[in-house]
Amino acid sequence: GNLRSMDDLTNFRLKIVVSSSDDFISFSSVFIDKVGSSTDESLDEMEPASHFAAVADPAKPRLFDLICSSHGRLRLDAANRKSRESLLLALGIASFKGKLSSLTPESNLFPSYVNEAELPAESDPSSSKLHQSPHNSHAEMHRLLESKDIAITKLQQELVRVGKELDSYRDSERLSKDALERCEATRDEKIKTIEGLNKAQSDAKITHERTVKALMNEKAVLQAAVEARDGKIEGLTNQAAKLESRASQRSEHLSNIESLKSNLVQTQKKLSSAE
């Protein structure tokens, strides 16, 4: 938008480039385009700044300071407060190092500094150009910031890896929990089956015992009947023996009678002959 430098009244336009990957901002930079005349022609050839911050005073609704690692500090005046806040919000999101999905209206996009010494030196209002650090200081700052960016990138990658591992562990835990629930359900079902079999076996055992007892009683009754019949058979056998003995005696008696009859007949014949 239309941003005016408070140092030399030059108009600027900021272009913010952001690249994201895996819910993190992997790269961000700011291009500073000059759209008005200025006594400082070097601003036309500025390289994009990959390390930047912004400082704003709530009491000054349009003013803010843009601090770049390679360009120093630039005090700018926005068209209105809404324009300034929109630009600050875009700069804050572009420099955010956490997960983009974790951003909320309460997120702190601009961390507070402990003291003013932590910020680059403020430009002199009476000067008509930007104050920049010596080349060696800028190179050292670039190296430090690049090393920090590398460390942050590694931490982001590690966080992504840990997040994926955590998701994998959660999936494994969910699968294990499901398998455990299935095993518990199978165990409960088998326990019910075993209890049913035990009850059926117990009922069968009771029925078997009752059947054996009934058969033993029936056997005792049949054995008593057999013994009674054996007693009767023995009595009848004794009676038959006695009858056979009597019959034998009667047969002998009859034989004697027949012999006496025969003798009598002979005697009668002899008597007749004698007469």
Side-chain angles (χ1 to χ4, degrees), residues 16-30 50-54 82 85-114 118 144-231:
I16 304 172
V17 179
V18 174
S19 299
S20 62
S21 175
D22 292 332
D23 202 22
F24 289 100
I25 293 178
S26 58
F27 175 78
S28 61
S29 62
V30 174
S50 58
H51 305 289
F52 50 86
K82 182 178 180 181
E85 296 301 324
S86 299
L87 182 58
L88 291 177
L89 181 61
L91 289 170
I93 294 176
S95 61
F96 185 67
K97 300 301 181 183
K99 280 189 174 183
L100 294 177
S101 59
S102 66
L103 282 174
T104 64
E106 290 78 19
S107 298
N108 183 14
L109 298 177
F110 297 99
S112 301
Y113 292 96
V114 177
E118 298 182 11
L144 290 175
L145 291 174
E146 287 176 357
S147 64
K148 288 183 179 179
D149 277 350
I150 292 174
I152 290 173
T153 302
K154 290 182 178 180
L155 288 175
Q156 290 175 346
Q157 294 174 352
E158 182 68 17
L159 184 59
V160 171
R161 185 185 64 79
V162 172
K164 290 180 179 179
E165 289 183 356
L166 182 59
D167 292 338
S168 177
Y169 291 151
R170 286 175 179 171
D171 292 339
S172 299
E173 182 182 2
R174 185 174 63 255
L175 293 175
S176 299
K177 187 177 180 180
D178 293 340
L180 181 60
E181 290 177 354
R182 290 194 298 269
C183 290
E184 289 178 350
T186 304
R187 182 200 62 185
D188 295 338
E189 184 178 355
K190 289 185 177 180
I191 288 175
K192 290 180 180 179
T193 302
I194 291 172
E195 289 178 351
L197 292 175
N198 289 335
K199 187 175 183 302
Q201 184 178 5
S202 178
D203 294 341
K205 183 178 180 181
I206 293 173
T207 303
H208 176 70
E209 290 177 352
R210 289 177 179 175
T211 304
V212 170
K213 186 175 181 182
L215 291 175
M216 292 296 292
N217 293 333
E218 186 175 355
K219 180 182 177 182
V221 172
L222 292 175
Q223 188 173 1
V226 169
E227 290 178 355
R229 288 179 182 179
D230 290 342

- Message: Under a 4.0 Å threshold between the charged nitrogen and the carboxylate oxygen, would Lys199 count as salt-bridged to Glu195?
- Response: no

- Message: Any salt bridge linking Lys164 with Asp167? Criterion: basic side-chain nitrogen under 4.0 Å from a carboxylate oxygen.
- Response: no

- Message: Here's a test for you: under side-chain contact (heavy atoms from CB on, under 4.5 Å), which of Thr207, Val212, Ile206 qualifies with Arg210?
- Response: Ile206

- Side-chain donor or acceptor of Ser202 paired with backbone N/O of Asn198 under 3.5 Å: no

- Message: Heavy-atom count check: over 12 atoms from other residues, nucleotides or ligands less than 6.0 Å from Gln201 CD?
- Response: no

- After noting the C-alpha distance and the side-chain angles of Glu165 and Arg161, does the key distance pass the salt bridge (Lys or Arg N to Asp or Glu O under 4.0 Å) rule? CA-CA 6 Å; Glu165 289 183 356; Arg161 185 185 64 79; 2.3 Å; yes

- When rounded to the nearest 0.5 angstrom, what is the spacing between NZ in Lys190 and CG in Asp188? 11.5 Å

- Task: Please step through side-chain contact (heavy atoms from CB on, under 4.5 Å) for the pair Glu181 and Asp178, ending with a clear verdict.
- Result: CA-CA 5 Å; Glu181 290 177 354; Asp178 293 340; 4.1 Å; yes

- Item | Distance in Å, Leu222 CG paired with Glu218 CD, rounded so as to fall on 0.5 Å steps | 5.5 Å

- Nearest-0.5 Å distance, CZ of residue Arg187 to CD1 of residue Ile194: 11.5 Å

- Note on the structure: To the nearest 0.5 Å, atom OG1 of Thr186 lies from atom CD1 of Ile191 at 11.0 Å

- Message: Nearest 0.5 angstrom please: Leu100 CG to Ile93 CD1, how far?
- Response: 8.5 Å

- Message: Rounded at 0.5 Å granularity, tell me how far NZ in Lys177 sits from CZ in Arg174.
- Response: 10.5 Å

